[in-house]
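Notes follow once the structure below has been shown.
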Amino acid sequence: MSENEAEIVAHLQNISRSYVMGGETVYALKDFSFDFRQGEYWAIMGSSGSGKSTLLNLLSCIDRPTTGSYQIRGREVSGLSDNEISALRGRELGFIFQSYNLIPQLDVIDNILVPVIYQDDPIPNARERATELAERVGLKGRLHHRPNQLSGGQQQRVAIARSLINDPAMILADEATGNLDSATASEILDLFDELHASGKTILLVTHEQDVGDRAEHILRLKDGDILSVDSEARSQATGGTSV
Amino acid sequence: MKSLWSTVRLGISSLLLHKLRSFLTTLGVLFGVASVVAMLAVGEGASEKAQDQIRQLGSRNVILRSVKPEQEAVSDQQTRTLSYGLTRDDYGRVAETFPGVIRTVPVLAAAQEVRLGGKSCRPKVLCTIPEFQDVVGRILSAGRFILPQDEESRSLVCVLGYDVARYLFPFKNALGQNIRIGEHYFEVVGVLVPRGPLGESLANPSSESGGEVFVPLETGRSYFGERQVTIRSGSRDIQEVQLHEIIAEVGTDEDVPFVAAASRAMLVREHEDKDYEVVVPLELLMRAKETQRIFSIVLASIAGISLLVGGIGIMNVMLATVTERTREIGIRRALGARRRHIVTQFLVETTVLSGCGGAAGVAIGLLIPWIIERTADLETQVSPMSAILAFGISVGIGVIFGLYPAWRAAHMDPVEALRHE
C-alpha cells in the first residue's frame, strides 16, 4: 500500500487555539489543517512560540482547540467528555517527554505498566508485554530498578517502552533527546528508527535540526501556521491538508 | 479491582517515599484515636464500677438509713445519751402502709468485736431477718443464711462475710465453728461469696475492711441491744438506735420513685431532726447513667476536636503533596488517567495515612488502660465497639479530609500540570 492510501491517524481541520492575554486574543495556532498517516515519522520543528507545543498538546488531547475539528482514527475528539478523552489518550497515544516523566516510586516494569492500569479493558498479559518491551529497548537486567537508579538514556528508554505498552496509534515525543548527550540521543533516535521501521506513527517535536533530519518528514511551524513541509515522498493531495 | 489494588500499592509506595512526613501526618489521627479509646476505657471502667455498686444495693430497693444528727447529746455528769434514727414504728409504717412495697427488711448494726483465739476484728455486725439475703441478693458459698426458726428461737448463729471468714479461718472450713461476738459465742452456719472486686459491704460502704457478720435480728436485739456504749475517761457515751436501716423492696421500677417520695414524706413528718437519709439505688443508677451520658458527650466532643485537628493535618499535608506532585498528576493524566483515578489515588493515600494512624491509635489506646490498671489501681473497661468505632471514624476522617485535595488534584489542567517544574 502506498503512503497516500495509508490510514489517516490524526486529522486536523481548521484548528485554532487562542488565548486571551491582557484583553487581547493571541493565536498560538491559527486555522491549521493537516493529516498524519499510519506509519509516518514526522519531526515538528519551529522556533520558540511557533506553536509546536500547542500542536503537540492538541494532538495529545490534553488541550482542546478553540475552533476546528480533530479526529483520531476517524473519531471526532472535540465532542468527547473528559473521561472519554482520557480513555482515548491512554489507548491511542503514547507519550515521550523531554524530562522522561517517570513515576519515581515505581520500578521499570511498573512504570511501563502505568498506562495499562487506567484502561477499562487492559491488554492481556500486560506484565509479560512490559518485560518484553523493556528488553526490546535494552533494559534487560534493570527491570526492577527505580528511575533514580537509571541514567537519563535508560530513563528515556523506559519512557519509550511505556509509550508502546498499549500499542497506540501514534507516538508523540516532545524534545525526547533534549536532556541527553549526543551519543545517548543517537541511541534513542535509533530506537525511533526501529519503531518507524516496525510501522509505528511517530510525531517528534524538536528544535534541533540534526534530530529533525532523522525523521522521514519535517513539518516546520511559524507563528501558529505551517511554514514548510519537507516531504519528498509525501503527497499532500488529501482534502484535509493545507499544503 | 486489579486497578484499585495497583492504586493502593502505588499510594503506599508514594507514602513510603516520604516516611517521616507520612509518620508525622498520622500522629494527629493516632493521638486522637488513642485518646478516645483510652478515655472511653477509663470512663467506662469508672462508670461501670459505680453502677455495679449501685446495682448491688438492689435497683428496686429503697433504703432508709439512720444518720447521726448534728445535735448535742442529752447529758448528766457522767453519761451522755443520744437517741436518733429509724424506729420500729417507721418500719411498721413502711411495711404495712406503703403501696408498692412487697417486702421490708430491718437491719440493726451492732458495734461488737469478733474474736477467735488470738485473732480479733471489728466487722459490721448486722442483725437482720432471713429475707435480707434475697432482697439484697447475697449469695452463699457454703452453709445457709439466717432461717425463720433462728429468729423465733433467738439462736446464737451467724453468717460470715467472705472477708471475715477468710481472716478468721484462713486454712479451715468455718462452718460449724464457734466464734465470739461481743461477750457471746455464735456458731457459724454460713459463709457468703465475696461481692466481687467492685463490691463493698452494704451496711458500711466506706468501711476499709468491708467485713460483715450477720446474726438473726431478734438474737442481736436480745444479746447486743439497741444501745451502743462508748466508755471514755470519766464519762460514757450512749447511742440508742432502734434500726440502722430499713430496706423496702418495691414491686416494679415504676413504683420506686413513689415509694421513695412517700418514705421521705413520712420521715420528714415523723422525725424532727434530720437523723435519716433515703437512698434510692435506682435514682443513683439513673444519675450515674446520666453522668456517663454527659461524660460520653464531653468525650465525643474532645475526640471530635482531636480527630478534626488530625484531619486538618492530613488535609494540609495532602494539599502540599498535591502541589508537589502536580507534574506527576499531569503525567498520569497524559497517560490516560481519568479524574476518578486521580481522586482515588489521593483518597487511597489519605485513607492509608489515617487508617494506619487509626490502627496504631487503637493499639496505643488499648495499651494505655492496660498500663493504668497495673500502675494506678484503676478499673478500666475496653469496649471492642469503641475501638472499632474510633478506627472507623479515623478512616472516615481520612476520606473526608482527603476529598478536597483529591478533587483539586483531579481538576488540574493537564497542560499546566505538565508544565509545572
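Just so it is clear, the structure is predicted and the values come from calculations on it, not from any experiment. Letters A, B, ... are given to chains in the order of the sequence lines, protein chains preceding strands, and every chain is numbered from 1.
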Max heavy-atom pair count under 4.5 Å with chain B, selected residue of [options]:
options                             : value
A:Ser163, A:Ala87, A:Ser60, A:Ser53 : A:Ala87
A:Asn166, A:Leu102, A:Asn83         : A:Asn83
A:Asp63, A:Ile85, A:Asn57, A:Asp120 : A:Asp120

query = Is it the backbone or the side chain of A:Arg162 that comes under 4.5 Å from a heavy atom of chain B, or both, or neither?
reply =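 When you check distances to chain B, only side chain atoms of A:Arg162 fall under 4.5 Å.
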query = In terms of heavy-atom proximity below 4.5 Å to chain B, should A:Leu106 be classed as side chain, backbone, both, or neither?
reply =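 Just the side chain, heavy atoms under 4.5 Å.
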request  = Hey, could you give me the CD/CD distance between A:Gln105 and B:Glu328, rounded to the nearest 0.5 Å?
outcome  =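 A:Gln105 CD to B:Glu328 CD: 5.0 Å, rounded to 0.5 Å.
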query = Roughly how far, to the nearest 0.5 Å, is CG of B:Leu335 from CD1 of A:Ile117?
reply =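 Atom-to-atom, A:Ile117:CD1 and B:Leu335:CG are 9.5 Å apart.
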message = Check B:Asp413 with A:Arg64, please: is the shortest side-chain N to carboxylate O separation under 4.0 Å?
response =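 Salt bridge between A:Arg64 and B:Asp413, a charged N being under 4.0 Å from a carboxylate O: no.
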request  = In plain terms, say whether B:Arg333 and A:Asp82 are close enough for a salt bridge, that is, a side-chain N and a carboxylate O under 4.0 Å apart.
outcome  =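 So B:Arg333 pairs with A:Asp82 through a salt bridge.
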query = Does A:Glu128 CD have over 12 foreign heavy atoms under 6.0 Å away?
reply =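 Atom CD in A:Glu128 is packed in, count exceeds 12.
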task = Return yes when atom CZ of B:Phe295 has more than 12 non-hydrogen atoms of other residues, nucleotides or ligands closer than 6.0 Å, and no otherwise.
result =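 Above 12, so yes.
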inquiry  = What part of B:Leu16 gets within 4.5 angstrom of chain A, counting heavy atoms only: side chain, backbone, both, or neither?
reply    =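 Contact with chain A involves no heavy atom of B:Leu16 at all.
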key: Interface moiety of B:Arg332 toward chain A, non-hydrogen atoms closer than 4.5 Å   =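 Answer is both: backbone and side chain atoms of B:Arg332 are under 4.5 Å from chain A.
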So, for [X] and [Y], which heavy atoms are closest and what is the spacing to 0.1 Å?
X        : Y        : result
A:Tyr118 : B:Gly336 : CB-O, 3.5 Å
B:Ala334 : A:Phe95  : O-CE1, 2.9 Å
A:Ser86  : B:Ala337 : OG-O, 3.5 Å
A:Asn101 : B:Ile331 : CB-CD1, 3.2 Å

ask   = How about A:Ser99 and B:Arg327: does a side-chain donor come under 3.5 Å of a side-chain acceptor?
value =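 Checked: A:Ser99/B:Arg327 side chains pair up, N/O donor to acceptor below 3.5 Å.
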task = Please examine the side chains of B:Arg338 and A:Arg89, heavy atoms only from C-beta on, and report whether any two atoms are closer than 4.5 Å.
result =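 Heavy-atom side-chain distance check fails, nothing below 4.5 Å.
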